[in-house]
Structures are given as C-alpha cells and as structure tokens.
Amino acid sequence: EYEGALRKVGFRNVLIRNITPNVLPSLRRLKLMSYLAYLPARTMELLGIFSRERVANVEASICQMKCLRQGLWEYSLITAEKGEPTYKYE
C-alpha cells in the first residue's frame, strides 16, 4: 500500500521494514504505566479532575498492546529515494 503510493509520486528503492521487535520494550513499559495509571485516572475523571479524553488516552495505550499481539498493526520504518523531477523547464 505505502510502496505503491510512494512509487506513484516518483520514489524509488522503497524499503519497508517491520521494526516492532525494536520498540517492544518501550511498548511494554507504556502498557505497565497505563495499567498503573488507569484506576487513578478513572477516579479523577469521576471527581471531575480529568476529562474523558484523558482517560481514553490511558485506555488506548492498554488496547494498543492487545491489538499488536493480535497482529492488527506493526511499527514500520519506510525509506525511499526521490527520483529526478519528471517535468521540464522551458
């Protein structure tokens, strides 16, 4: 999907690498911190201190790891080279 779009606008040597294993330690820390923050954040929401959006951000961090384990997404690194312009000056 990305490769085709990049090639269509003039990029070449497109390389897409799955770097999920490289970011897993960070994702695991985020998941742990999110689990620890959930109950306090939910309590502060009920007290009117935190907004619903703020708590939803904590919930999304928890769900992110679940979705990763199900193979629904991955971290990718995309590199490409831009070719010469296809237009000409007159």
Same hydrophobic cluster for [X] and [Y], using side-chain heavy-atom links shorter than 4.5 Å among ILVMFWY?
X   : Y   : value
F50 : Y38 : yes
I49 : L39 : yes
I62 : M44 : yes
V58 : L47 : yes
I78 : V9  : yes

With sequence neighbours left out, what residues match Y35 under ring-ring contact (aromatic ring centres under 6.0 Å, His included)? none
Does the pair E45/R52 count as a salt bridge with the N-to-O cut at 4.0 Å? yes
Enumerate, atom names and distances included, each donor-acceptor pair closer than 3.5 Å involving a side-chain atom of residues 63-70, sequence neighbours excluded.
none

Which atom names give the shortest non-hydrogen contact between P21 and P25, and what distance separates them? O-CD, 3.9 Å
Heavy-atom distance under 4.5 Å between the side chains of R42 and L46, does that happen here? yes
Side chains of Y75 and L77: does their closest heavy-atom pair fall under 4.5 Å? no
Quick one: [atom1] on [X] to [atom2] on [Y], what's the gap to the nearest 0.5 Å?
X   : Y   : atom1 : atom2 : answer
E74 : T20 : CD    : OG1   : 5.0 Å
L24 : I19 : CG    : CD1   : 10.5 Å
L32 : S61 : CG    : OG    : 12.0 Å

Exactly one candidate in V14, I16, L15 meets side-chain contact (heavy atoms from CB on, under 4.5 Å) with T79; the answer is L15
Tell me if the CZ atom of R17 is crowded by more than 12 foreign heavy atoms within 6.0 Å. no
